[in-house]
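On a predicted model such as this, the values are computed, not experimentally measured, just so you know. Residue numbers count from 1 along this sequence.
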Amino acid sequence: MPSERFFFPFSLKEKHIQLEGKEFHHLFHVMRLQEKDSLELVNGKGELASGIIETIDKKKGALIALLSHKEEKENPFSLILAQALTRPNLLDWIIEKGCELGVYEFWLFPGDKSEKRSLSTSQLARLELLAISALKQSGRLFLPQIVVKPPLSQWEKIPFFYLFGDLAPQAPSLLDIKIPPGKTVFIIGPEKGISQEELSLLKNRNAQGIKLHNNTLRAETAALTAACHYSFLTLYQNEAKK
């Protein structure tokens, strides 16, 4: 993946696009690209385009001629990482690295033991920028959505495959589970873990408890371990079908 990749959240099937705002600032002031330089654009919706900078206007942005376009289909296996709110620095890490590891969507919710109960508008905006940066850096074409959810007790029943990090010795390993195509929700607790009330609720909703490691993992380590294991496991299942 080239370093000159930029985010444009609209269709890339046009002949020209105008790059403005933060992405233009990055193009002009950070990367110091000039007219006639080539670059790539992603829109977070599965599209990738290559182009060349035709003109640069410090006030209006960069006019880019699009030269080629390709579109990628979504993965039939999609991981929704449902993460109980943690300290902001840990949440930054989970969003950034989770995006690199292919997480389809992030659901952020206040766990019973979460010290932090909500996200401000500016904090959510920061997480979205981190996801965009990770999208460009990692080479993936789909931008994961970040959804703020209420506590688990207020969730409606959703027909997805549900997993959660389980510390019980008898819990099976994620690597021993056959993942069905479609969306899988993996629930990770905050720094102090999932409460007994939440565990009961999850089990009543037929969520499967999974052991991620023989050791007790921190919240951020558990989240990324789940994402990594899921990615490798579903890749193996896809290859086995060929």
Side-chain angles (χ1 to χ4, degrees), residues 1 42 44-46 72-84 86 90-109 111 127 130-131 134-135 137-147 149 152 155 157-191 193-194 198-199 201-242:
M1 187 212 72
V42 291
K45 302 170 185 175
E72 183 179 279
K73 292 182 179 179
E74 287 195 61
N75 192 323
F77 294 91
S78 301
L79 176 64
I80 297 172
L81 185 62
Q83 175 63 58
T86 64
L90 301 183
L91 207 52
D92 287 356
W93 181 262
I94 291 167
I95 296 294
E96 181 181 70
K97 303 308 176 187
C99 181
E100 291 178 22
L101 290 168
V103 171
Y104 170 79
E105 195 165 284
F106 295 93
W107 291 357
L108 306 180
F109 68 96
L127 295 177
L130 283 172
L135 170 85
Q137 182 276 327
S138 65
R140 67 180 293 189
L141 299 186
F142 287 94
L143 179 67
Q145 187 177 2
I146 301 174
V147 181
K149 303 277 283 184
L152 277 175
W155 289 17
K157 290 186 178 180
I158 304 172
F160 297 157
F161 186 56
Y162 270 85
L163 302 172
F164 66 92
D166 195 348
L167 298 178
Q170 70 274 18
S173 166
L174 177 57
L175 300 179
D176 295 328
I177 298 294
K178 184 173 178 60
I179 304 294
K183 294 181 174 64
T184 294
V185 178
F186 203 115
I187 298 166
I188 301 291
E191 294 95 324
I194 298 173
E198 288 171 324
L199 282 175
L201 180 64
L202 289 170
K203 291 176 181 178
N204 287 337
R205 294 194 175 183
N206 297 318
Q208 171 71 61
I210 293 297
K211 179 166 60 177
L212 292 169
H213 201 279
N214 288 332
N215 300 331
T216 301
L217 304 180
R218 293 179 182 272
E220 69 276 19
T221 310
L224 299 183
T225 300
C228 191
H229 283 187
Y230 180 90
S231 177
F232 277 110
L233 185 58
T234 53
L235 177 63
Y236 173 78
Q237 289 184 197
N238 263 337
E239 290 297 322
K241 290 181 179 179
K242 295 180 180 178

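Here the side chain of Arg140 pairs a donor or acceptor atom with the backbone of Val103 at under 3.5 angstrom. Looking at Tyr230, its side chain does come within 3.5 Å of a backbone N or O of Ser78 through a donor-acceptor pair.
Note that the OG1 atom of Thr234 and the NZ atom of Lys178 stand 11.5 Å from one another [nearest 0.5 Å]. Residue His213 holds its NE2 atom at 10.5 Å from OG1 of Thr216, rounded to the nearest 0.5 Å. Taken from CG in Leu224 to CZ in Arg218, the straight-line distance is 13.5 Å, to the nearest 0.5 Å. Once rounded to the nearest 0.5 Å, the distance linking CD of Glu220 with CG of Asp92 reads 11.5 Å. Between the CD1 atom of Ile177 and the CD atom of Gln208 there is a distance of 4.5 Å, given to the nearest 0.5 Å. Interatomic distance, OG of Ser173 versus NE2 of His229, reported as 7.0 Å (0.5 Å rounding).
Taking the six-membered ring where the residue is Trp, Phe160 and Trp107 present tilted rings, their angle falling between 30° and 60°.
Counting only heavy atoms from C-beta outward, the side chains of Asp166 and Lys211 never approach each other to under 4.5 Å. Looking only at side-chain heavy atoms (C-beta outward), Leu212 and Phe186 come within less than 4.5 Å of each other. You'll find the side chain of Glu74 reaches within 4.5 Å of the side chain of Phe142, heavy atoms only.
Of all heavy-atom pairs between Phe109 and Glu198, the closest is CE1-OE2, 4.3 Å. Across Ala82 and Val185, no two heavy atoms sit closer than the pair CB-CG1, 3.9 Å. Minimum heavy-atom separation, Gly189 to Ala84: C-CB, 3.7 Å. Residues Phe164 and Ala207 come closest through the heavy atom pair CE2-O, 3.6 Å. In plain terms, the two heavy atoms of Gly209 and Ala171 that are nearest each other are O-CB, 4.1 Å. The two residues Thr86 and Ala219 have their closest heavy-atom pair at CG2-CB, 4.2 Å.
No more than 12 heavy-atom neighbours from other residues, nucleotides or ligands sit within 6.0 angstrom of CH2 on Trp93. Counted within 6.0 Å of CZ on Arg205, heavy atoms from surrounding residues, nucleotides or ligands total more than 12; the atom is thus considered enclosed.
Ile194 pairs in a side chain to side chain contact (heavy atoms under 4.5 Å, CB included) with only one of the listed residues (Leu199, Leu167, Ile188, Leu201), which is Leu199. With Ile210 as the fixed residue, the side chain to side chain contact (heavy atoms under 4.5 Å, CB included) test singles out one of Asp176, Leu175, Leu163, Ile187: Leu163. Between Leu91 and the choices Ile146, Leu127, Leu130, the side chain to side chain contact (heavy atoms under 4.5 Å, CB included) rule is met once, by Leu127.
Identified under the side chain to side chain donor-acceptor pair (under 3.5 Å) test for residues 181-191, with sequence neighbours left out: Arg87-Glu191.
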Derivation of the side-chain contact (heavy atoms from CB on, under 4.5 Å) call for Ile94 and Leu81: CA-CA 10 Å; Ile94 291 167; Leu81 185 62; 3.9 Å; yes

Audit row: Trp155, Lys149, side-chain contact (heavy atoms from CB on, under 4.5 Å) steps and yes/no: CA-CA 8 Å; Trp155 289 17; Lys149 303 277 283 184; 3.8 Å; yes

